[in-house]
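Notes to accompany the following structure.
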Amino acid sequence: MKISRIYITGFMGSGKSTLGPIVANTIGWNSYDIDSEIEKRTGMKVTEIFKSKGEKFFRELESSILDEHSKELEVVVSLGGGTIAYNNNFDIIKKTGVLVYLKSSPEKIFLRLKHKTDRPLFQTIDNLVLSDEEALQKIKRLLSEREKYYRNADIIIDIDGISVGRTVDRLVRELKKKFQMVN
Ligand code: S3P
């Protein structure tokens with residue numbers, strides 16, 4: 001099957017934004033990062049958007065940017081961790097491209113996110129960072145809610161304990177084995 005779009009999903013902190021441009025560069029395609037585009041277009045950080053405009057506003061913008069890219073050719077799109085779970089995003093993704101899931105365990109995700117303060121879903125309403133136990137529980141809950149989308153990815157790559165370079169190699173090899181790409 002010939003493909004024109006690769007979508008990268010995975011939980012927050014799984015390396016989607018790092019990997020997307022490297023994969024795109026390797027196969028000679030363009031790359032986009034939905035969160036960065038939201039920030040560019042609004043001139044606001046994702047955390048600020050959640051705070052001042054609310055999650056619904058963020059999700060609408062996220063869906064419309066995804067919709068735009070789903071009409072372009074030869075693109076690698078790094079999704080936000082939640083993109084697949086809102087509106088009709090999952091259907092758009094599955095109809096227009098190949099979905100890659102960067103899979104990680106809740107414990108590893110927790111360690112990667114522990115010191116980051118730019119993930120609004122890991123702050124309480126009054127802006128306090130969740131306790132370790134609360135954060136781990138929230139990761140487990142969100143992962144299990146999103147599992148039904150993640151497990152339907154066309155390619156699932158286990159990232160725990162594997163370097164970015166080796167993950168890219170594996171992914172590009174899998175893509176070339178399963179799909180026909182321009183390069
Ligand atoms: C979110 C993940 C974030 C960002 C927003 C919501 C989520 O993206 O879109 O904070 O719902 O999981 P990353 O996965 O790139 O951190």
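When a ligand or atom number is given, it counts from 1 through the structure's own listing order.
- Counting only distance, with no hydrogens or angles, the side chain of E37 and the backbone of I65 share no donor-acceptor pair below 3.5 Å.
- Side-chain polar atoms of S104 and R112 form a donor-acceptor pair below 3.5 angstrom.
- Near G80, meaning under 4.0 Å from any of its heavy atoms, are these atoms of ligand 1: 8 (O), 9 (O), 14 (O).
- Listed by number with element, the atoms of ligand 1 under 4.0 Å from a non-hydrogen atom of G81 are 2 (C), 8 (O), 12 (O), 13 (P), 14 (O).
- For ligand 1, the atoms closer than 4.0 angstrom to any heavy atom of G82 are 7 (C), 11 (O), 12 (O).
- Heavy atoms of K45 stay at 4.0 angstrom or farther from ligand 1.
- Across the listed options R59, E62, K16, R59 owns the non-hydrogen atom lying nearest to atom 11 (O) of ligand 1.
- Each of the atoms 5 (C), 10 (O) of ligand 1 lies under 4.0 Å from some heavy atom of V46.
- In terms of modelled atom types and a separation under 3.5 Å, the side chain of D33 and the main chain of S36 share a donor-acceptor contact.
- Using cut-offs of 30° and 60° on the angle between ring planes, the pair Y101 and Y150 is parallel.
- Checking side-chain atoms of N89 against main-chain N and O of T83 turns up a donor-acceptor pair under 3.5 Å.
- Listed for the R170 side chain is no donor-acceptor partner under 3.5 Å among the backbone atoms of I157.
- Taking atom 9 (O) of ligand 1 as the reference point, the nearest protein heavy-atom neighbour is D35 OD1, 2.8 Å.
- Given atom 2 (C) of ligand 1, the protein heavy atom at minimum distance is M12 CG, 3.4 Å.
- What sits closest to atom 10 (O) of ligand 1 on the protein, heavy atoms only, is P120 CD, 3.4 Å.
- K108 places no side-chain N or O within donor-acceptor distance of the main-chain N or O of G161, the cut-off being under 3.5 Å.
- Shortest contact from atom 12 (O) of ligand 1 to any protein heavy atom: R146 NH1, 2.7 Å.
- Tested against Y86, the residues K56, E60, E55 include a single side chain to side chain donor-acceptor pair (under 3.5 Å) partner, E55.
- The shortest N/O to N/O separation between G13 and ligand 1 does not fall below 3.5 Å.
- Shortest contact from atom 16 (O) of ligand 1 to any protein heavy atom: R119 NE, 2.6 Å.
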